[in-house]
Amino acid sequence: MSKIGLVIKREFDSRVKKKSFLLATILVPLLFPAIIGGMIYFAIQESKNAEQEKVYVIDEAGEFNFENDNKYAFEELNLGLEEAKVAFTESEAYALLYLPAIDLANPAGIVMYAKKNPSLQASSYFENQIESQIRDRKLKSSGISEEELDKLKTNISLSTINVSDTGEEKASSAGVAYGIAYAFSFLVYMFVLIYGTQIMQGVIEEKSSKIVEIIVSSVKPFQLMIGKVIGVASVGLLQFAIWVVLIFALSAGVFAIFDFNPADMQTAQESMSGMNGNSSAQAAIMENSKVGEILNVVYDIPYAYYISVFAFFFISGYLLYGALFAAVGSAVDNITDAQQFTMPITMPMIIGFLGTFMFVMPEPDGNVSFWLSIIPFTAPVAMMARVAFGVPAWELALSMGLMVVGFLFTIWMAGRIYRIGILMHGTKVNYKTLLKWVKTNS
């Protein structure tokens, strides 16, 4: 076995045999569904047990009509604004809505008084309620009757079908794509930073304990660095592979327990066209068909394609950043000294992660999304998000090609720093020193 292979085996065995690795590998696929299920359960319980919030309303023109629901109970006050404010402050009401006589063409002056900052959801709720009634009043003023107005109100459920260049049609879901984009981009971000930091900590520990001086007597520094980077990467890939197997097994078990068959959901959806009178049955089938549509999309996801793309960007992204973390670990004597170098390394990854939410998910084919998915330092996160929404083959190939160039460059640069820094002790290193080591040939 080659010297690099021995180093890889040592790094792999030392981490895989730890109890912490086994616990994390087995518990995470179980923990995340449990957390999500628990959050959904408590959210449902909270919505069931939530008490109605009282909302006072001053409608000077008497044109608005608010209906009570599970969350809010509206009470109209026949008081002036100042008197209503006093009554509101002395009560336990949630809010006071002031609706002056308004010009429909320019509805200004509407105010909501609250004792504390309302949530964004609450503000949007009241805005939508008021906007809907103003819109109805505008329609009525144009001569539309109440009956015709009710007929104009329509709810639809939009189905999305992706059409390939060959004309093949496949059901899709923006919500499912968003979830996949978030999951894969987060996994790449998490894996690269966690395992990259592990490399840096391992190098610092070996350097401070002087073990590395014994190792480099038989292994070249560059071989040691490559072995450590690949060894830790193999641990990450093994962990991810186990997660995939466990998640698929759990999913298959859930489908078996609930006897899920996508064809049954499709039949229920098609039966909607033959129902006209039974509204309750229609609503039930509509709900089931919507769930079935989402499950059909999940069922038809090209998992092999996504996993292979994830594996590539994890490996290439990890090699790119892992080599830099190894270089930093070799250049310093302790974790405290490493902090000044880790921020510039992690910043591009953070930019890519934040850019995924600000640009990629809202507009996957935008210019900013394109460049985030092409630049090697941000591509591992951004491209994984874009892949979930569909990306042209040439863009994916370009991104992959640049990733290979990127990690080869960082490995070369990190190797030149590592070969000198790993044997240096007690020297305060700055960026100028690192640049000098990169330029040193001997």
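Below, each value reflects all heavy atoms present in this structure, side chains not excepted, and no hydrogens, waters or symmetry copies. Numbering starts at 1 and runs along the sequence shown. Source: prediction; values computed, not measured.
Classification of the Y56-F88 ring pair by plane angle, with boundaries at 30° and 60°, yields perpendicular. Classification of the F64-F66 ring pair by plane angle, with boundaries at 30° and 60°, yields parallel. Ring pair Y72/F74 is tilted by interplanar angle, where 30° to 60° counts as tilted.
Expressed to the nearest 0.5 Å, how far CE of M384 lies from CZ of F314 amounts to 12.0 Å. Here I315 contributes atom CD1 and L320 contributes atom CG; the two are 13.5 Å apart, rounded to the nearest 0.5 Å. To the nearest 0.5 Å, atom CG of residue L354 and atom CE of residue M347 are 9.0 Å apart. Residue Q129 holds its CD atom at 11.5 Å from CD of E127, rounded to the nearest 0.5 Å. Atom CG of L319 and atom CD1 of I230 lie 6.5 Å apart (nearest 0.5 Å). To the nearest 0.5 Å, atom CD1 of residue I194 and atom CD of residue Q239 are 8.0 Å apart.
S330 places a side-chain N or O within 3.5 Å of a backbone atom of A327 that can act as its donor or acceptor partner. Side-chain N or O atoms of S399 include one that pairs as donor or acceptor with a backbone N or O of S373 at under 3.5 Å. Formation of a donor-acceptor pair under 3.5 Å by the R386 side chain with backbone atoms of P364 is found in this model. Remark: side-chain polar atoms of R419 are paired, donor with acceptor, to backbone N or O of R416 under 3.5 angstrom. At least one donor-acceptor pair closer than 3.5 Å links the side chain of S316 to the backbone N or O of F312. Listed for the K439 side chain is no donor-acceptor partner under 3.5 Å among the backbone atoms of L434. Put simply, the side chain of T378 gets close to the backbone of L372: a donor and an acceptor are under 3.5 Å apart. Y418 places no side-chain N or O within donor-acceptor distance of the main-chain N or O of A323, the cut-off being under 3.5 Å.
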Stepwise, does the side-chain contact (heavy atoms from CB on, under 4.5 Å) test hold for V229 with Y195? CA-CA 9 Å; V229 170; Y195 286 105; over 6 Å; no

Checking side-chain contact (heavy atoms from CB on, under 4.5 Å) for the pair M349/L193: CA distance, chi angles, key distance, verdict? CA-CA 9 Å; M349 201 70 170; L193 290 187; 4.3 Å; yes

Step by step, work out the side-chain contact (heavy atoms from CB on, under 4.5 Å) result for V387 and L396. CA-CA 8 Å; V387 164; L396 182 60; 4.2 Å; yes

What do the steps show when you test V232 against Y318 for side-chain contact (heavy atoms from CB on, under 4.5 Å), and what is the final call? CA-CA 10 Å; V232 177; Y318 170 80; 3.0 Å; yes

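Considering all non-hydrogen atoms of both residues, F12 and S234 come closest at CD1-OG, 3.1 Å. Closest approach of V7 and K228 over heavy atoms only: CG1-N, 3.6 Å. Here the closest heavy-atom approach between residue A326 and residue M225 is recorded as CB-CG, 3.8 Å. The shortest non-hydrogen separation linking V429 to Q340 is O-NE2, 3.5 Å. In plain terms, the two heavy atoms of K207 and G421 that are nearest each other are NZ-O, 2.8 Å. Minimum interatomic distance between M383 and F313 (heavy atoms only, all atoms of both residues): CG-CZ, 3.4 Å.
Contact of the V188 side chain with the F353 side chain is not registered, since no non-hydrogen atoms from C-beta on lie closer than 4.5 Å. Between T89 and Y113 there is no side-chain heavy-atom pair separated by less than 4.5 Å. Counting heavy atoms from C-beta on, the side chains of V328 and F325 never come closer than 4.5 Å. Within the 4.5 Å cutoff, the side chain of V235 has no heavy atoms near those of the L238 side chain. S91 is not listed as a side-chain neighbour of E75, based on a closest heavy-atom distance of 4.5 Å or more. A 4.5 Å side-chain heavy-atom check between T342 and M200 finds at least one atom pair inside the cut-off. Looking only at side-chain heavy atoms (C-beta outward), W412 and L408 stay at 4.5 Å or farther from each other. Within the 4.5 Å cutoff, side-chain heavy atoms of Y321 are placed close to those of I345.
In this structure, N128 places its CG atom where more than 12 heavy-atom neighbours from other residues, nucleotides or ligands lie under 6.0 Å away. Within a 6.0 Å sphere centred on CZ of F409, other residues, nucleotides and ligands contribute 12 heavy atoms or fewer. The number of heavy atoms from other shown groups lying within 6.0 Å of NZ (K220) does not exceed 12.
Salt bridge K17/E11: absent, no basic N to carboxylate O contact under 4.0 Å. Using a cutoff of 4.0 Å between basic side-chain nitrogens and carboxylate oxygens, K54 and E92 are not scored as salt-bridged.
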